[in-house]
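Chain A is the first sequence line, chain B the second, and so forth, proteins listed ahead of strands; every chain is numbered from 1.
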4 protein chains.
Amino acid sequence: MKPTSGILASILDDVRPLIGQGKVADYIPALAKVPNSKLGIAVYTNQGEVFTAGDADEGFSIQSISKALSLTLAMGLYQPEEIWCRVGKEPSGQAFNSLIQLEVEQGIPRNPFINAGAIVVADMLSSRLSAPRQRLLEFARQLSGEPQIVYDKVVAASEMMHSDRNAAIAYLMRSFGNFHNDVLPVLNNYFHACALKMSCVELAKTFSYLANKGVSVHTGEEVITPIQSKQVNALLATCGLYDGAGEFAYRVGMPGKSGVGGGIVAIVPGEMTIAVWSPELDASGNSLAGTRALELLAQRIGRSIF
Amino acid sequence: MKPTSGILASILDDVRPLIGQGKVADYIPALAKVPNSKLGIAVYTNQGEVFTAGDADEGFSIQSISKALSLTLAMGLYQPEEIWCRVGKEPSGQAFNSLIQLEVEQGIPRNPFINAGAIVVADMLSSRLSAPRQRLLEFARQLSGEPQIVYDKVVAASEMMHSDRNAAIAYLMRSFGNFHNDVLPVLNNYFHACALKMSCVELAKTFSYLANKGVSVHTGEEVITPIQSKQVNALLATCGLYDGAGEFAYRVGMPGKSGVGGGIVAIVPGEMTIAVWSPELDASGNSLAGTRALELLAQRIGRSIF
Amino acid sequence: MKPTSGILASILDDVRPLIGQGKVADYIPALAKVPNSKLGIAVYTNQGEVFTAGDADEGFSIQSISKALSLTLAMGLYQPEEIWCRVGKEPSGQAFNSLIQLEVEQGIPRNPFINAGAIVVADMLSSRLSAPRQRLLEFARQLSGEPQIVYDKVVAASEMMHSDRNAAIAYLMRSFGNFHNDVLPVLNNYFHACALKMSCVELAKTFSYLANKGVSVHTGEEVITPIQSKQVNALLATCGLYDGAGEFAYRVGMPGKSGVGGGIVAIVPGEMTIAVWSPELDASGNSLAGTRALELLAQRIGRSIF
Amino acid sequence: MKPTSGILASILDDVRPLIGQGKVADYIPALAKVPNSKLGIAVYTNQGEVFTAGDADEGFSIQSISKALSLTLAMGLYQPEEIWCRVGKEPSGQAFNSLIQLEVEQGIPRNPFINAGAIVVADMLSSRLSAPRQRLLEFARQLSGEPQIVYDKVVAASEMMHSDRNAAIAYLMRSFGNFHNDVLPVLNNYFHACALKMSCVELAKTFSYLANKGVSVHTGEEVITPIQSKQVNALLATCGLYDGAGEFAYRVGMPGKSGVGGGIVAIVPGEMTIAVWSPELDASGNSLAGTRALELLAQRIGRSIF
């Protein structure tokens, strides 16, 4: 069955009662004050159709969803072996901001979607781009087709003021030789990426290349090769949902990437890109109602990679 | 493109040079003496066609591949919530026989495909089946259509003589209340499951239900429901290859389950079941040439869940 | 100043208000039902004087205090290098029954006073003694001068029924080759040692050899050499109080060994042996009022090794 | 027996053959180039006598020995409860620069003699002293009676250039609220403390207050109270030798503090202070020949706290 805006609206009605059972991220004030009642979903098909329901056009902080965007950018700048000697491809089995495994495994983060891995990717971008922050913004604008996209400066500044844990991660990697630039500027870029403000519709359009063998549905441009597109989807499927990737695969059955802003992007390879938003998170840090919405969508339209 | 025996033979030729770069499992003598030159592959399509190359009809010790079979059996005996309160669904990020995470997470194994998880499943089978060992054997015989399948008694006895680590795992779970029967008989059943001797062809037929929405292609019988079939595939995709699931997803792009006997079963949902065998293992404990063969097959026939 | 029974009685009065702030060990019923109001102290000087207060003559389960006795026995049966290649001499920095460090350090326990270390010592005794359990009992009777000392069979049986965690520890060490006998008989001996029932007076007499350069004050016999006596005291000072050895050294300043039965033995080398008993434990598993009593005693008689 | 310069010289002769079996610290060039043949010892009695042998008057980098000095300074500035809520008193059971335990225990270092603990103490000094670096230098000059003592600027600068690991530690503690000042200036102070250049004689004099109930033998001034002196000795005995404190207690039997520059200070409470220097380190990071020299000295003059 095809997704329709009616199906999407019905799904949002079904998951709305979950609001109140999760917890809005509160480690920075700018996130804590987002109303927990926000709820939106957008589907962007490989044919260019857009279906939406709820607050699908309202921008929010994409947070860790940006990690998939940064990795994509890095994959265009580096050879695979240059990337994968500095960051692994395996699920961590640990909290996203833990230093324990990073010390045991001598400064090589488990994958590019935990904080340590994304900080290595940010370090890579800083090494090869003269203005990495501006470049990432342009990348998001181009892929979404939305030139108005901006960094939320308040969020970025707030992250920077609560950056101690990530600074510890960066310095630990530097002590192992796996971080090459100055720590604070790279962290600043990393926090700006997290502070990208985008809507469900913009996110679904932005990541359409992952559903379309590397070619942006919106622009028709090859963002990455077909094989790279499969690789990113594989990494998302095993590592994209923090320490809840297994549960997400079990319930939803799509590669995906979540952020603590409550957004989740999910991919049906060959068919469509989906984005949901609901700020309350479950114990793993993934959107509670958002995950349920994707699970219902998968059931109702009969899609799953498994 | 369809798989053909010609393609399979060509792939085996391409991967044969890898033999010598891995390491045959040697923790028990019965496995250590398997010739490292063995190499076989079988594809079983949902239409019932069989394509093979190399030693596809020679039986070998399926080892951890049996964990997927035992889980399937348990899913028919227990409600989902009865299973998933005792074992998780997340990748472990650790070696398959580690006790560290098991202690930290209070006796709840991360997933049913690491040793601790499979031992909990074996404990569950012991609680609900009067003759769990015989039942599993019948299950394998029925699904494979091969009534001659047997337990390799030498392997099972040898495993039992090297069971200390797994006994430690079982006792640790018992100390947390997550193991209910006597340790040694359950371990004995668990080791027998690992000691099932099957060929690539038999394995591909046995697991065809995972490619066919829960229905065995061979028998036409519903082994598990369609949704359970997706769930098992999801678990295989995130947790089926020890601490190499991410790499396998990245390179092969199919749900799979490996064993230290050198076998790997991989699923193309809706299309086919594949089994390979090459005894030498990589650093993660997965068949080195077998993984490469699956990677090449995925490329040549253009299949991937991503 | 010399200890007197008056000083001891006054100290017990001072610490009695602490009763109610700790927690009686409750992992086996036989310990849980000991009245929390029990409170006793005994000092045995190298001149053979005995000073007591409170319930100093009432027997209780010495639990881990037996680990010092077993080690002493093993030091008479093995060369130092035979012992210290199988168990370390360092504080663990972890809970007494953790398997984490044991796995990381490949089956070599950190010291002989955590469970794993004491189980290795029990394994050693089983290898060289034909009747290790009887021998340890005789050893305790001889050193205390009290032939009536017995194992509390109810406690020993109860421990055996809750032995899963320790069985896990033993099997894990066996998987690393650091455990040589059958697990259950050795654990049974180990639990019997823990189930020795002795009073403060008996304990102070028993361990007087540690205050007297290896010579039992009671019998005049050299139990261990002077240098071995120093070594045991050194191990007690750094590892004798579970994960509270630093705090105990800081507050009390004497080598000591505690048990979850609420007993603590402390040594003033060259002068006296002290035993206290109060069943309620602090967060580290050491007697709460007992530690405070030793702290006050150290202050009032002006003794400390520091 | 009393120590004499003859005994000391004889001990140095006995341990000199060990040179070549250890490894000079090489994580910074300034330490790596110290000749491994340096060997010195000094004893300073509570009567003010000085006995020496070898290179006892040559200055070297005291490194972690400074942690005992900084703690002493902090004990004069803070109430005990202010200190011990921010740093523990227990041995770590881990490498001196590990972040693992620090993350698990939420930013509270195990004791003031591992890096994390000493960095917290440095943070404390920065909060209460207007010129902490100058104050510590004055403190060392005053206690040693040697106004020429200086920071080795080359060592301090070199440490600062290899500070990533310690910066990671500081930022991790800051993320838990247990670090209050800017990271880099505090680290700079910390590295200067480590870069104090002192001789064995100067060290023995400096720490004489720990052998003399808190009163500097040299100046007659009470540096800390008698009870604080016992407390510092207790902490040294359980935590002063990195992850080799148990072995040191077993072999030497004195509270002590080592540094990776190859120095060790040891205390015989009530009698004397000893300092040795030999740059080659054992696997735990303690001076190999220095430890053996202290062991021989303890045997020959018959001193031990046990």
Toward chain D, the part of A/Phe179 with a non-hydrogen atom under 4.5 Å: neither
Heavy-atom closest contact (D/Arg165 atom, A/Ser175 atom, distance): N-CB, 3.6 Å
Spatial distance of atom OH (A/Tyr171) from atom CG (D/Leu187) [nearest 0.5 Å]: 8.5 Å
Atom group of A/Ser98 that falls short of 4.5 Å from chain D, counting heavy atoms: both
Point-to-point distance, once rounded to the nearest 0.5 Å, from CD1 of D/Ile100 to CD of A/Glu103: 4.0 Å
Non-hydrogen side-chain atoms of D/Asp164 and A/Leu172 separated by less than 4.5 Å: no
